[in-house]
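Inspection log for the structure reproduced underneath, given as structure tokens.
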Protein chains: 2
Amino acid sequence: MTINDIAKIAGVSVATVSRVMNKKGYVREETRKKVEAIIRDHGYHPNAVARSLISSHSSLIAVIMAERPFSFSSKVLETIESCAGEQGDSVLFYGTGAEQERELRAFSQAFEHQVKGILLLPVMESGEAAVNMIREAEAREIPVVLLDWDLYGEDFDRVVVDNKQVLYDGTRLLLEEGHRKIGVITCREVAKEGSRRRDGYLQCMKDHQIPLKDSYIYDGDFDEESGYDACRTFFALPDPPTAVLACCSSATLGCFHYFKEQNMELGKDVGLVGFDDISLVESMGYPVTTLDRLSREMGRNACSLLYQSMRNGADHKKIVLATRTIRRGSEHMGRCFSLETKG
Amino acid sequence: MTINDIAKIAGVSVATVSRVMNKKGYVREETRKKVEAIIRDHGYHPNAVARSLISSHSSLIAVIMAERPFSFSSKVLETIESCAGEQGDSVLFYGTGAEQERELRAFSQAFEHQVKGILLLPVMESGEAAVNMIREAEAREIPVVLLDWDLYGEDFDRVVVDNKQVLYDGTRLLLEEGHRKIGVITCREVAKEGSRRRDGYLQCMKDHQIPLKDSYIYDGDFDEESGYDACRTFFALPDPPTAVLACCSSATLGCFHYFKEQNMELGKDVGLVGFDDISLVESMGYPVTTLDRLSREMGRNACSLLYQSMRNGADHKKIVLATRTIRRGSEHMGRCFSLETKG
DNA sequence: TGAATGTATGTAAACGTTTACAGATTTGTC
DNA sequence: GACAAATCTGTAAACGTTTACATACATTCA
């Protein structure tokens, strides 16, 4: 069933059918009605492939991310799909598992499918390879937007959380509660965001003239074990911290595990500020203070940035998003919101 | 940069370039080398759109699911993407939010993009609309595979968990621990899987000649609140249950919440068997017995079923997968594995 | 030697749309 | 009634591939 068949049945030319479908150009009301009826009755769907070929861009956008089963990326993806859907576009999803080979394949396939745009979450160990692929996309005039990835400080379109500020705020929260000995668990994440988070802690401690102790800084990975091990290390110290700051959601859970095992009561025996959406913990009845990246906000902003730069193409923008500090059940918005434009 | 440009640069015809790219037909070794070099040097990617048009099917498969931020669906998606990638295909992701309008749009767009196949997780309140769309896909010779959705008992390709058996096993687990008063929380899920789970409980109780009590059966929704409310109801009874069986992961968490709040210790004051991957809970140090649908297995099996029926098209298959009973840290595989074929 | 087969390459049609252009009809204005 | 403008419709080229077919040369075998 093609546009030709529809045209034949309706007794008009393909051009007319095309005009009806696209609501473009002059069509007599009567003709339009007739054609629309035939399209409906025959369950005809125009071939997006042929459409793409002639118009030289598809109605696809690609989302490329390292697979992480946690809620952040999955909420981002959902939001993006929803936004793209509103524009009549579909989402090509690529998980990379942080493997370089799959990353390159994802870009290749996205190119081959003539995507209109690419949304990129942190994926590569080597930022260099990423930069190359983004440059190649640019050469094809395919806009790329980075999510929560301050890649190399290059001037790409991006939506980020000010990770340094977030952890600065988190640290201050603990300081305000009277803690002076604060252990921090950094997450060696891809793309250096982990170290920015660490910088926020360092800066805040410095601003409040609290001497730093190397033993209070634990360089962990992006997993629960890191949180657990960090705590074990911290609390084996002769002078252990009184509070812990976790820089990713997995580590936060690991801390929980340790505290529970040691019968340490949160807020009494030990302070904790977590990271990201750990609403499951909340669901279980634990009031946790956490620094939540607003995944839905991020997805939405990234999409509008992408569509914007499909139209303009010109200047690069950076959107810095607020985080939400969810504080023991009550919640209030963080303050770091700004919108910068860069020529 | 098109195949024409490459052909011109290489001084050969487009047919030759095509043959080189597809490793199909005769090409002199020398010519092949030259063309390959030129393709590589110019970063040429063949246009998948033009390819699809001529071959009348794309290298796309669609995954349509109601969005649930929990780990099950997101792991399934990742696995599918990985399998599709191995076949050189890309995944179109559609979240429906269980809204009928978005569901229809997802199918439409999948059709328009000429997908090779559709993987369908439970999406529709109304199974009827789903059946219609699946029939339409079949009319277009697009294979559809259902995941964990025993839709209407119709003979579609599908990969399912024997939900009745799973809950049967879960109930028996509690019986073996000596419990006789077992509360069950069903989840009114889409597509009746919830009631099959309930049937498993009923059957097991009956087989063990334990009288049923209506007050021990709570019909909940797919959320944490249901788990919490169910427990509140159960333990307000004059003769409350001694153990609880939750039929979805959210409800399991809700139970936790209640037990924690009431200072009821798991395994001592109350028994609990949960559902699905609640590894987060495990991460926090709680040893939970849970009935886990093997999401990765399911994704993998669904893909192979899909690719298989692209080739054959003929008979419909049903794969019944094992679940994994994760029992207080130690784990062993459930026994319900079988592969049925239906003409 | 010449036919048959195998290898290598090119030509051109086809896939299902969109759209520039042209031609035909209607409407409006003086 | 004539001319311009607006409205309606059709023809055909184009998008970037694949592939059936044709052609040409090389090899094999009787």
Side-chain angles (χ1 to χ4, degrees), chain A residues 1-36 38-39 42-60 88 108-116 140-142, chain B residues 1-36 38-39 42-60 88 108-116 140-142:
Chain A
M1 184 61 63
T2 73
I3 198 176
N4 271 289
D5 301 321
I6 298 293
K8 218 162 282 168
I9 295 167
V12 298
S13 73
V14 290
T16 300
V17 178
S18 177
R19 277 186 288 256
V20 168
M21 288 192 299
N22 299 296
K23 303 188 196 314
K24 211 175 190 178
Y26 295 113
V27 181
R28 195 150 49 101
E29 190 55 28
E30 193 188 321
T31 314
R32 144 161 293 127
K33 287 262 171 64
K34 186 171 64 178
V35 172
E36 278 172 348
I38 291 172
I39 286 175
H42 289 74
Y44 164 72
H45 294 267
N47 185 327
V49 170
R51 240 176 204 182
S52 301
L53 184 58
I54 190 77
S55 67
S56 73
H57 66 261
S58 68
S59 53
L60 297 171
S108 275
Q109 293 190 350
F111 291 155
E112 290 173 14
H113 284 289
Q114 317 297 116
V115 296
K116 294 164 71 175
R140 292 162 187 272
E141 307 199 344
I142 301 173
Chain B
M1 182 64 60
T2 74
I3 198 176
N4 272 288
D5 301 321
I6 298 293
K8 218 163 282 168
I9 294 168
V12 298
S13 73
V14 290
T16 299
V17 178
S18 178
R19 278 186 285 255
V20 168
M21 288 192 302
N22 298 296
K23 303 188 197 314
K24 210 176 190 177
Y26 295 113
V27 181
R28 194 150 49 100
E29 190 54 29
E30 191 188 323
T31 315
R32 145 160 292 127
K33 287 262 170 67
K34 185 169 67 180
V35 172
E36 277 172 348
I38 290 171
I39 287 176
H42 290 74
Y44 164 72
H45 293 268
N47 186 328
V49 170
R51 236 175 208 184
S52 302
L53 185 57
I54 190 74
S55 67
S56 74
H57 66 263
S58 67
S59 52
L60 296 172
S108 276
Q109 294 189 351
F111 291 154
E112 290 173 14
H113 283 290
Q114 317 296 118
V115 296
K116 293 163 72 173
R140 291 162 187 274
E141 307 200 343
I142 300 172

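A note on names: the letters A, B, ... follow the listed sequences, proteins ahead of strands, and every chain is numbered from 1.
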Exercise for the section: Step by step, work out the side chain to side chain contact (heavy atoms under 4.5 Å, CB included) result for A:Ile38 and A:Tyr44. Expected result: CA-CA 8 Å; A:Ile38 291 172; A:Tyr44 164 72; over 6 Å; no
Handout entry: Working for side chain to side chain contact (heavy atoms under 4.5 Å, CB included), residues B:Gln114 and B:Leu60
Key = CA-CA 8 Å; B:Gln114 317 296 118; B:Leu60 296 172; over 6 Å; no
Exercise for the section: For A:Asp5 and A:Thr2, run side chain to side chain contact (heavy atoms under 4.5 Å, CB included): C-alpha distance rounded to whole Å, both residues' side-chain angles, the deciding distance at 0.1 Å, then the answer. Expected result: CA-CA 5 Å; A:Asp5 301 321; A:Thr2 73; 3.5 Å; yes
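Using a 4.0 Å cutoff to heavy atoms of chain A, the contacted part of DNA chain D runs 5' to 3' from D:dT7 to D:dG16.
The side chain to side chain contact (heavy atoms under 4.5 Å, CB included) check on A:Val14 picks up A:Ile3, A:Asn4, A:Ala7, with sequence neighbours excluded. Legend: residues meeting salt bridge (charged side-chain N to carboxylate O under 4.0 Å, His left out) with B:Lys8, ordered by chain and number and at least two apart, are absent.
Using a distance-only test at 3.5 Å, with no hydrogens or angles considered, a donor-acceptor pair links the side chain of A:Ser55 to the main chain of A:Arg51. Using a distance-only test at 3.5 Å, with no hydrogens or angles considered, a donor-acceptor pair links the side chain of B:Ser52 to the main chain of B:Ala48. Put simply, the side chain of A:Asn22 never gets that close to the backbone of A:Lys24: no donor and acceptor are under 3.5 Å apart. Between the side chain of A:Lys34 and the backbone N or O of A:Ala10, at least one donor-acceptor pair lies under 3.5 Å.
Atoms OG1 and CD1, on A:Thr16 and A:Ile6 in that order, are 13.0 Å from each other to the nearest 0.5 Å. Atom NZ of B:Lys116 is separated from atom OG of B:Ser58 by 7.5 Å, given to the nearest 0.5 angstrom. Here the CZ atom belonging to B:Arg32 is positioned 6.0 Å from the NZ atom belonging to B:Lys23, to the nearest 0.5 angstrom.
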What's touching nucleotides 6-10 of chain C from the protein side, N or O pairs under 3.5 Å?
{"residue": "C:dT7", "atom": "OP2", "partner": "B:Tyr26", "partner atom": "OH", "Å": "2.6"}
{"residue": "C:dT9", "atom": "OP1", "partner": "B:Arg28", "partner atom": "NE", "Å": "3.2"}
{"residue": "C:dT9", "atom": "OP1", "partner": "B:Arg28", "partner atom": "NH2", "Å": "3.2"}
{"residue": "C:dT9", "atom": "OP1", "partner": "B:Thr31", "partner atom": "OG1", "Å": "2.7"}
{"residue": "C:dT9", "atom": "OP2", "partner": "B:Arg28", "partner atom": "N", "Å": "2.8"}
{"residue": "C:dT9", "atom": "OP2", "partner": "B:Thr31", "partner atom": "OG1", "Å": "3.3"}
{"residue": "C:dG10", "atom": "OP2", "partner": "B:Ser13", "partner atom": "N", "Å": "2.6"}
{"residue": "C:dG10", "atom": "OP2", "partner": "B:Ser13", "partner atom": "OG", "Å": "3.0"}
{"residue": "C:dG10", "atom": "OP2", "partner": "B:Thr16", "partner atom": "OG1", "Å": "2.8"}
{"residue": "C:dG10", "atom": "N7", "partner": "B:Arg19", "partner atom": "NH2", "Å": "3.0"}
{"residue": "C:dG10", "atom": "O6", "partner": "B:Arg19", "partner atom": "NH1", "Å": "3.4"}

Output one line per pair: protein atom, nucleotide atom from nucleotides 25-27 of chain C, and distance, for all N/O pairs under 3.5 Å.
none

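Summary for the helix from C:dT1-D:dA30 to C:dC30-D:dG1: the axes at its two ends, each from 5 pairs, differ by 40° when rounded to the nearest 10 degrees.
If you check every strand for non-hydrogen atoms under 4.0 Å, B:Asn4 touches a base. Residue B:Ser18 is in base contact, counting any heavy-atom pair closer than 4.0 Å across all strands shown. Using a 4.0 Å heavy-atom criterion, one finds that A:Ser55 contacts no nucleic acid atom at all.
Both tests do not hold together for A:Arg19 against A:Tyr26: distance to the six-membered ring centre under 6.0 Å, angle to the ring axis within 45°.
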